[in-house]
Amino acid sequence: MNHTENHKFSLTTPLYYVNGVPHIGSAYTTMVADAIARFHRLQGKSVLLVTGTDEHGQKIQRTAAEENVEPQVHCDRIVESFKSLWDKLDIKYDRFIRTTDPQHKQIVNEFFARVWEQDDIYLDRQQGWYCVSCEEFKEERDLIEDHYCAIHTNKQAEWRDEENYFFRLSKYQQQLEKLYESQPDFIQPASRRNEVLNFVQQGLKDFSISRIDLDWGFPIPIDDQHTIYVWFDALLGYITALLDPDQAPTLDNALAKWWPIDLHLIGKDILRFHAVYWPAMLASAGLPLPSKVFGHGFLTKDGLKMGKTLGNTIDPIELVDRYGADAVRYYFLKEIELGNDGDFNETRFINVLNNDLADVLGNSLNRTLGMLKKYCQSTVPQLSSADFSSDHPLKSIGMTLGDRVVQAYENLQVSQACTAVLTLVRAVNKYIDDSAPWKLFKQEQHSEVEQILYAVLESIRLSAYLLSPVIPSTSSKIYQQLGFDWDFNQEQENSQGAFSTHSNWGELPMSKALGQASPVFLKLELPSKD
RNA sequence: GUCAGAGUAGCUCAGUUGGUUAGAGCAUCGGACUCAUAAGCCGAGGGUCGGGAGUUCAAGUCUCCCCUCUGACACCA
């Protein structure tokens with residue numbers, strides 16, 4: 001592993017459309033992004049996690065009109081609900097970009113100018129059926145009866161006949177194909193990559209980047225009769241977000257430090273915008289391309305698609321209020337393989353958390369601290385890795401765990417990282433039962449007891465450390481009960497270099513005396529069905 | 001219709017280049033223990049690995065056909 005390069009890591013969530021309060025899908029993406037960001041910070045890198053909101057477009061304009069408020073007022077309200085949810089979920093974002101931020105307009109204009117200079121934008125006439133909910137022109141075949149949209153079956157598409165500005169996407173066909181070939185990791189997972197390849201191979205058409213009859217958005221710089229298409233505007237938010245708060249809003253400033261982005265984390269529904277349109281736009285403007293676009297799967301509830309019509313949506317705010325951030329994070333990160341569709345089932349949710357976090361992880365710490373108090377006056381034996389043979393049941397797992405977990409996080413396999421850690425914690429419980437320190441204590445085999453308790457506590461510490469990107473609060477409680485003055489929700493001033501000791505088994509000196517033990521994760525209960 | 005991907009215990013999933021009685025976690029049932037959040041440990045039941053045919057000494061793993069699901073693309077209305 002190369003530690004000399006890669007000091008920085010930048011990643012984005014989508015800029016969420018503020019048509020309504022955040023739904024569970026947005027929360028899911030953001031939790032994943034946060035865990036990835038936390039993992040990189042843990043390693044001592046400087047990290048920029050970008051999230052934000054996409055606020056322009058006809059859909060917003062109309063929603064606001066229905067509410068009888070100015071679009072900006074509507075957006076301000078919704079934005080608050082996003083920020084408050086991220087807060088509740090312990091999301092540590094570095095930038096929250098709103099496409100209505102004043103500096104964004106400057107970036108969009110400058111970017112537009114670059115693309116214009118390349119002769120990649122032209123005016124043409126567009127006729128067709130337009131779905132406002134999709135903000136897209138639809139082919140006749142994409143519509144169902146009476147020109148209702150196949151995606152928004154309650155919305156009728158509108159006939160439009162207008163002049164629009166187009167982006168010369170077709171010009172970038174070959175360049176994109178080369179990109180996908182030379183950078184096979186650019187689109188992940190592989191199944192999604194195939195879809196994109198398939199799509200691109202059939203030939204790219206130019207796409208329109210402006211609308212008329214729309215006020216809510218930025219005007220096209222050279223023609224204020226037109227408004228910039230919401231997607232063109234939104235994607236550029238990733239660049240605007242990179243500006244430091246006090247910097248002048250120029251492309252050069254924005255791109256200076258964090259560009260290109262290492263990872264765009266998105267849902268599979270917006271893959272085409274990120275994997276096709278976006279790199280083409282950037283190429284046109286002469287900018288380097290992001291390293292990776294990862295399109296994750298969708299969530300179902302009890303095996304069914306979620307939707308307003310079925311009335312089976314999950315409210316992330318309600319969920320986190322009821323069960324807490326760590327519980328929600330853990331379920332979605334551990335129980336769902338990133339990239340696959342995943343299911344939410346409340347009984348499974350309760351079972352997983354109570355088992356993994358309360359019974360296995362939490363209880364292993366609790367029972368051991370109990371013994372430490374009774375058998376060792378709460379004083380941790382000062383041992384280290386060298387005092388254990390390499391085939392010791394816990395050391396043998398712990399020695400390689402750090403590397404395996406790092407590998408998993410780097411491959412965005414958070415679920416596998418959790419599973420690997422849980423293997424150690426399960427081994428801890430078995431080891432305690434197998435070695436029965438309570439018997440040894442009665443036989444006055446004190447040094448054996450100390451050995452056992454040290455090995456157990458060190459294993460739990462390591463587990464907590466490696467799980468901290470996923471369950472920061474629980475990990476913090478464990479660290480604190482182990483005597484470390486440490487909070488995984490705060491930037492650690494000494495985090496530089498900490499990773500190499502903390503991520504290894506038996507290399508970190510333990511604090512000597514421990515305080516009061518108390519359960520780090522309380523069991524959850526299903527709400528009563530009244 | 002075309003092209004991908006998937007179909008393995010009640011649930012969520014692992015199963016390397018084909019090789020001994022198909023694994024894990026949860027759930028269910030039983031047992032012994034007591035340090036602990038009535039947790040943990042040990043054990044049991046539970047699978048014709050979607051169906052069928054074939055290749056092979058040997059197939060969950062390879063080939064062909066079929067069924068189901070998901071996605072992308074396309075066509076017809």
Side-chain angles (χ1 to χ4, degrees), chain A residues 139-147 150 187 189-205 267-269 271-272 275-276 295-300 302-305 330-332 334-376 378 393 408 413 415-416 418-423 425-442 449 452-453 456-457 460 474 477-478 481 517-525:
Chain A
E139 302 290 324
E140 189 96 19
R141 62 165 183 271
D142 293 329
L143 301 171
I144 54 180
E145 265 178 59
D146 286 335
H147 300 106
I187 304 165
S191 54
R192 298 265 132 66
R193 175 172 182 267
N194 288 338
E195 289 174 15
V196 173
L197 289 182
N198 213 327
F199 172 76
V200 173
Q201 275 161 12
Q202 299 187 12
L204 293 173
K205 288 186 198 144
K268 63 184 181 183
D269 52 331
L271 183 62
R272 192 181 297 174
V276 182
H296 66 66
F298 276 175
L299 302 173
T300 56
D302 303 323
L304 299 172
K305 276 187 184 173
Y330 187 80
Y331 181 85
F332 285 104
K334 155 82 184 341
E335 282 299 295
I336 292 165
E337 193 69 44
L338 189 70
N340 295 345
D341 287 353
D343 189 53
F344 177 85
N345 172 277
E346 201 155 7
T347 302
R348 188 174 141 212
F349 177 92
I350 301 281
N351 282 339
V352 163
L353 288 156
N354 285 349
N355 275 284
D356 287 5
L357 298 192
D359 297 345
V360 173
L361 179 62
N363 188 50
S364 68
L365 175 66
N366 203 239
R367 64 193 299 205
T368 308
L369 290 179
M371 289 188 276
L372 193 75
K373 187 175 180 186
K374 282 186 191 166
Y375 307 151
C376 307
S378 292
Q413 295 166 327
S415 170
Q416 287 184 25
C418 294
T419 305
V421 175
L422 260 285
T423 304
V425 190
R426 292 210 171 84
V428 159
N429 277 319
K430 179 173 168 54
Y431 174 67
I432 295 173
D433 280 66
D434 287 351
S435 48
W438 47 92
K439 282 185 188 158
L440 298 174
F441 181 72
K442 283 174 191 159
V449 170
I452 293 164
L453 296 187
V456 165
L457 290 174
I460 295 170
T474 305
K477 285 183 195 163
I478 293 174
Q481 288 191 25
S518 76
V520 293
F521 186 91
L522 294 174
K523 287 207 176 191
L524 307 176
E525 282 177 26

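The shown structure was predicted, so the numbers you read here are calculated from the model rather than taken from an experiment.
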Checklist outcome for this item: note: A/L524, atom CG; B/A39, atom P; distance rounded to Å ~ 13 Å
With the criterion being N/O to N/O and under 3.5 Å, what pairs connect the protein with nucleotides 11-13 of chain B, and how long is each?
unit_1	atom_1	unit_2	atom_2	d
B/U12	O2'	A/R348	NH2	3.4

Next on the checklist: Main chain of A/N351, side chain of A/N355: is a donor-acceptor contact present, judged purely on distance under 3.5 Å?
Outcome noted: yes
Checklist outcome for this item: One should report the stems of RNA chain B, each a stretch of at least three consecutive Watson-Crick or G-U pairs at distances under 3.5 Å, as B:1-7 with B:67-73, B:10-13 with B:23-26, B:28-31 with B:41-44, B:50-54 with B:62-66
Next on the checklist: By the 4.0 Å heavy-atom rule, please label A/K305 as base, sugar-phosphate, or nothing.
Outcome noted: sugar-phosphate
Checklist entry - A/E346: what forms a salt bridge (charged side-chain N to carboxylate O under 4.0 Å, His left out) with it, not counting sequence neighbours? => result A/R322
Next on the checklist: Holding to salt bridge (charged side-chain N to carboxylate O under 4.0 Å, His left out), I want the full list of residues that pass it with A/D269, two or more places apart in sequence or in another chain.
Outcome noted: none
Checklist entry - Mind checking what makes ring pair (Phe, Tyr, Trp, His ring centres under 6.0 Å) contact with A/F344, not counting sequence neighbours? => result A/Y331, A/F332, A/F349
Item to check | Within residues 352-361 of chain A, residues whose heavy atoms come under 4.0 Å of RNA chain B | outcome: A/N355, A/A358, A/D359
Next on the checklist: I'd like the C1' distance from B/A74 over to B/G19, given in whole Å.
Outcome noted: 44 Å
Checklist entry - Within the structure, does a side-chain N or O atom of A/K268 lie under 4.0 Å from either OP1 or OP2 of B/G71? => result no
Checklist outcome for this item: Looking only at B/C3, B/U37, B/G25, the nucleotide nearest the A/V520 side chain is B/U37
Item to check | Residues forming a salt bridge (charged side-chain N to carboxylate O under 4.0 Å, His left out) with A/R348, sequence neighbours excluded | outcome: A/E335
Checklist entry - Given the P atoms of B/A27 and B/U20, what is the spacing between them in whole Å? => result 31 Å
Next on the checklist: Holding to side-chain hydrogen bond (donor to acceptor under 3.5 Å, both in side chains), I want the full list of residues that pass it with A/K523, two or more places apart in sequence or in another chain.
Outcome noted: A/D359
Item to check | Under the side-chain hydrogen bond (donor to acceptor under 3.5 Å, both in side chains) test, residues paired with A/Y375 that sit two or more places apart | outcome: none
Item to check | Single hit among A/L522, A/V360, A/L524 for side-chain contact (heavy atoms from CB on, under 4.5 Å) with A/N354 | outcome: A/L524
Shorter than 3.5 Å, N or O on both sides, protein versus nucleotides 32-36 of chain B: list them out with atom names.
unit_1	atom_1	unit_2	atom_2	d
B/C35	O3'	A/K374	NZ	3.2
B/C35	O2'	A/R367	O	3.0
B/C35	O2	A/R367	NE	2.9
B/C35	N3	A/R367	NE	3.3
B/C35	N3	A/R367	NH2	2.5
B/C35	N4	A/R367	NH2	3.0
B/A36	OP1	A/K374	NZ	3.4
B/A36	O3'	A/N366	OD1	3.1
B/A36	O2'	A/N363	OD1	2.5
B/A36	O2'	A/N366	OD1	3.3
B/A36	N1	A/R367	NH2	3.4
B/A36	N3	A/N363	ND2	3.0
B/A36	N3	A/R367	NE	3.3

Checklist entry - What is the distance, rounded to the nearest whole Å, between atom CD of A/Q202 and atom C1' of B/A4? => result 12 Å
Checklist entry - Got a sec, which residues hit side-chain hydrogen bond (donor to acceptor under 3.5 Å, both in side chains) with A/K268, two or more places apart in sequence or on another chain? => result A/D341
Checklist entry - Just to confirm, is there a sub-4.0 Å distance from OP1 or OP2 of B/C42 to any side-chain nitrogen or oxygen of A/K430? => result yes
Checklist entry - Partners of A/R192 by salt bridge (charged side-chain N to carboxylate O under 4.0 Å, His left out), sequence neighbours excluded? => result none
Next on the checklist: Quick check for you: among B/U37, B/G25, B/A72, whose closest atom lies nearest to any side-chain atom of A/R426?
Outcome noted: B/G25
